[in-house]
Structure formats: structure tokens, C-alpha cells
Amino acid sequence: MRSPTIPRLSLSANAIHKFCFQDKSILPPPTPNHHLQQLSESRIISLLDSCTHLNHLKAVHASIYRCCLEQNRFVLTKLIRVLTNLNSPINGYPRAIFNQVQHPNCFLWTALIRGYVVSRLFHEAINLYDCMKRDCVRPNSFTFCTLFKAATLMGDVGLGCQLHGELFKLGGFGGSGFFLHAGNTLIDLYVKCGVMESARNVFDEMPVRDVVSGTSLIVAYAKGGAMEAAMELFDELDVKDVVVWTAMITSYSQNARPRDALEMFERMQGCAIEPDEFTLAGVISACAQLGTTKYSMCIRDIAERSGHGPERNVFIGSALVDMYSKCGRVDDAYAIFKVMRERNVYSYSSMILGFAVHGRAVEAMQLFCEMKKTDIRPNRVTLIGVLTACSHAGMVEEGRKLFKTMEETYGVTPTGDHYTCMVDLLGRSGHLEEALDLAKSMPIEPHGGVWGALLGACSIYNNPETAEIAASHLFELEPNNIGNYVLFANILSSAGKWDGVSRVRKLMRIKGLKKNPACSWVEGKKGIIHEFFAGDQTHPRFREIKQVLEDLLTRLRLHGYQPNLVSVSYDVSDDDKRQILMTHSEKLALAFELLSTESAHTIRIMKNLRICEDCHIFMCGASKITEREIVVRDNLRFHHFRDGSCSCGNFW
DNA sequence: TTAGGGTTAG
């Protein structure tokens, strides 16, 4: 029954006074001139609504005193809700108010139960619900909402089922829609407990296919990767508001389907639904994945115009930092970061990682030092960023030190991804043996990323023996990852081990794996994407492209450029190798950009695979003789070619 | 007067 610390009150005015006002720090007794102040009920409710601090209650406490005497359950229910929202200890003032009501109704019970749920005193809340039933007070939709919320917070799906049964006995979700809200909360409970079938059953049982519960289900489907089911449900909803549209957009974005996310965004605008800051954060994230600038600029404009600029909104700001960095504009990303008034671990992590993948390790480390002076704790993603910075700049000692102390200093236990960064750092800097030892001595089973990093390092240092070890693990862990086979075959071919190359190619044939074609793309005027595949001669301007490349080659040769024939992993003649090198996708894209852009324009090329050795040397030379800045994003990082050298310092 | 949607890596 009721808490033993608070006895049932007699209804004398003195007793009410004592229990309502005994704690002077919460609410001092009314002064004589406020005594029994005559405010109307609606005025009291409105004053209660505007309270944002317990002290504000002083303005109405004489009226509250009167409401206690008059047993005004409506005002007292509101008061308990307000006290709960202002974090007043539930067993103190709110409980005292409840206890002096002679016949509490369903609303008053529910307000009290809610207070206990908000205070995370779940068992007391459930006990009160039992008391309420014993007093023959019929629960309503709000009561069930509150109880389902408690079950959700407790993760107690059994309790949820039991309450579901009781609600069903009271008439289910009803034709009147009376229990609609409770149904939504129940669906949310089943969804959060991972019982999708029950959630769907409740949804199908409800008389109205409500957009709120529909959104819960859509998000749950999307989290499980079932985007088709999510889309189907979305199409079935009669009413679609900005929240459910946003849920679809961010779900596509989180499932690495940025084009679908942007398509949904355009559909939403077609339906004249205004995006809010939630929508924009999701759309910006999709733009970041695509790495295309034009669309991203438009979204930034929309954000600024609708008052959700990076200065005001930390979600938008962080998303913009990430987007600019992924579009190859790390300086723009930093400009955004600097104007943000609020920053969180996402903002810092995105910026640190941005500097890291753009080869600006010193700035990444400086920002990390700056972050450590704030109250924001680095998390596992931040540390991946810092280790990546060390890796791309060959800062071996700094990386070793951070990796050794990260658990103790930041409370982050190294995951497989942190080991990947470390193996990458050691491997890239030539410490192949130490990298191998680290992979072998991991306390957790190394995933494909770890062995992949080692294989990458073996490719840089032409070490087919260690590559053999890494590849054998990779072929077991990721039997269908074509990239591993190709990289291993390249390592063997560079070492002239043609027997090994045929062995790997045969393995690929048996498994039916086909090479992922190398592809580079650039963004033309009006955001049009021009794609170039390796060896592809079908572009309408191919003749001109070829001519530009030949001219460039002649000039580069005068500066000492020699084609790097080892970059071709086919057993063909040197002449053929030279031909193949000249049709690598990033070179085609470069020539196209030289043809179609002004001389002051920075050339930005995206590539799906790692840039090859020959193209890297070629781009360095091209940046010098054309006096153009060239930015190439490969599958892992950005290369900024300027005046004959690259920001990666040849560590990639 | 209760309920559904947001940013970093992989």
C-alpha cells in the first residue's frame, strides 16, 4: 500500500498545511496577504504550466492550499505532474498532496504512478497500480501509457504482456480510439524489447494505422536492415508527417543507401512537408556518404535559411563538419567547426577524423589536445580518429603510447577496429613483424580488418611471405571479399611469383568472384556526375581526353617521370603495361577535369579503390606542371596533390 | 496532455 513514511492524513486544515508546506525549501507557507488567494481554476492551471523552477510555485501556493481544502483533483493532478517534471522528490511533496485527497480518481493515480516511473522507482509504481485496482479505480489510456513506459525502461517484456492482457480485457484498443495512445506505447515497448512480431500484431489490431506507432515499427525494421518492409509500411500509412518522413530518410542513410535517402527527401518536399532540424541532419549525413558538393551546398542553404545553422544546432553542425570533410573540403569543415557554439563528442570526432583522412595529422593531434581540456570525453570513435591520424602521418611512437594507455586514461577498451588502426600504423611504417605479432597476440579474435591492414602493408613493402599469412586468414574470414584476392595477387605479381598469381586467380574463378571494376568520378556543372571506368574508351570526349593525357605524359617525361610498370598485375609486355596505366580511371577523370574546368578550379576526383603507385606519382607531377590543386579521394582517405607533392607524405 | 524521427567508425 502507501509508503510507510507518509501516514494517511486527516483532513484538518492544519494537517494539510503541515504536509504541504512543512519543507520550507520547497514551498514556504503562504503569507497572510496571500491567504486563500482567489484565483480561478484556469488561471492556476496556466500558472502551473508556466513553472520552470520549484520557486515559481510560490506565486500559486496560496491557491494550491485552497485547492487542497476543496479537494480539487484536477488542479492537484496538474500539480503532481509539474512537481514530477521539476524533479521534486516523489516521496515528499507530490506524495503528500496525493495522500490528502479523499477519493483519488484515475488521473490523480496516474500522475502519481508516472512520478514514480520518472524517478525510476518501478516497483513502487507497479504497487501503486495494484492499489488503484484494489480501490476499484478503472485505469485509462494514460495509465497504460505510463505502465508500458515503465516496462520499456525496465526491459520487462513479461510485464508488458501481462498489462497487454489486462488492457485487452478492458476492451482492447477500442473503436473509439480511447486506447490508441496506449497502443502506441505498447508497440514501442515490444519494438524496444525486440519482439517485432508482437509489435506488428498490435499495430494490425489497432483500429487506426497511426503514424506514431507506424514510425516506431519503421525504425525497428530499418535497424534490422529490413528497408523493404519499412518502405512497404511507410507506403501504407494514410497520414505522413515530418517525423515519419525523417525516419525513412535517416533509415536509408544509416543503411548506407544515401541515394534513396535523398530521393525520399525530394519526395517529401514534393508533398510540401517542411523539413525540420532532424530531417536536415539525416539528409546532410546522406550527402556526406555521397561526397558530392553541389547537393550538399543546397542542403546547407536550407539549414541556414530555416534557422538551423551550425552555430545553433550541434547535430547539424557535426553533420556538416563530416559532410565537408567527406566532400574533400577539410578547410570548410574546420570553418564550420569553429563557428559552432556547442560541440560534442561527435563534432570533435568528425573533425579529428577529417584532419586525419586528409593527412593533416598535426592539426588532428592539436584538436585532440584541445578536446582533452573540455568536459567532453573521447570515445572509441574519437580514438580511432587519433590513431588514424598517427597512421597516415607515420607517427609510430605517439600511436604506440596512445594505444597502450587508452583503456587506463579514457576507459575505452581497444576493439578490433583499434587493433586495425594499430596494425595499419605499424605496417605502413615498415614494422611488419611487430604488426604481425600484435595481430597474433590480440585478446579478441582478429576480424578481417586487422588482417586486411596487414595485407595492405605487405603490398607497400613487397613482402609476399607475411602477405601469405594475412591472406590465409582473410580467405577464411571473408571468403567472398574480392579485394583481398586482388591485393594478394598484386603482391605476388610484384614479386614475380606468377605461379602464386595463377593459384589465386583460379581460386577466384572457382568461387565465381569477379573483379570490382575500378571507377573514378567527378562532379560537373549542376552537380552532374561523370564516371570513368578503367580502360573505358566510350566517353563522348574520349579522343580529347586521350590527347590531354598524351600531352601531359610528354611533359611529365621531361621532368623525369617513368611509368611504374609494377602497378600492373598482369603478365603482359611492358608496352601493354604502359597502355593499361594510361587508361586508369583516375587519369581519365583528371584529363576530363583539365579539359572542362577553369585553371583556378581545384580538381576533385573520387575513386572506389585504392589509388595505385603509378597514378600517385603521375598526380604529383601533374599538380606541378599544370599548377592545379588535385584532390583524390580513394576508398580510405584523401590525397591533396599540390606543387609536385602529396599531403599523405607517401604513406597510404 | 500521454507517444514516433537527428550527427562520428565499421
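All of these numbers come straight from a predicted model, not from anything done at the bench. Just so we're on the same page: letters track the sequence lines, and every chain starts at 1.
Below 30°, between 30° and 60°, or above 60°: for A/Trp451 and A/His473 the angle between ring planes is below 30°, a parallel geometry. Taking the six-membered ring where the residue is Trp, A/His181 and A/Phe142 present parallel rings, their angle staying beneath 30° rather than reaching 60°.
Salt-bridge annotation for A/Glu228 and A/Arg257: present, with a side-chain N of the basic residue lying under 4.0 Å from a carboxylate O of the acidic one.
Here A/Asp49 pairs with A/Ile45, A/Lys78 under the side chain to side chain contact (heavy atoms under 4.5 Å, CB included) rule; sequence neighbours left out. Looking at residues two or more places apart in sequence or on another chain, you find a side chain to side chain donor-acceptor pair (under 3.5 Å) between A/Glu478 and A/Asn481, A/Asn484.
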For nucleotides 4-10 of chain B, give me one character per nucleotide, 5' to 3': B if any protein heavy atom sits under 4.0 Å from the base, S if the only such contacts are to the sugar-phosphate, - if neither. BBBBBBS

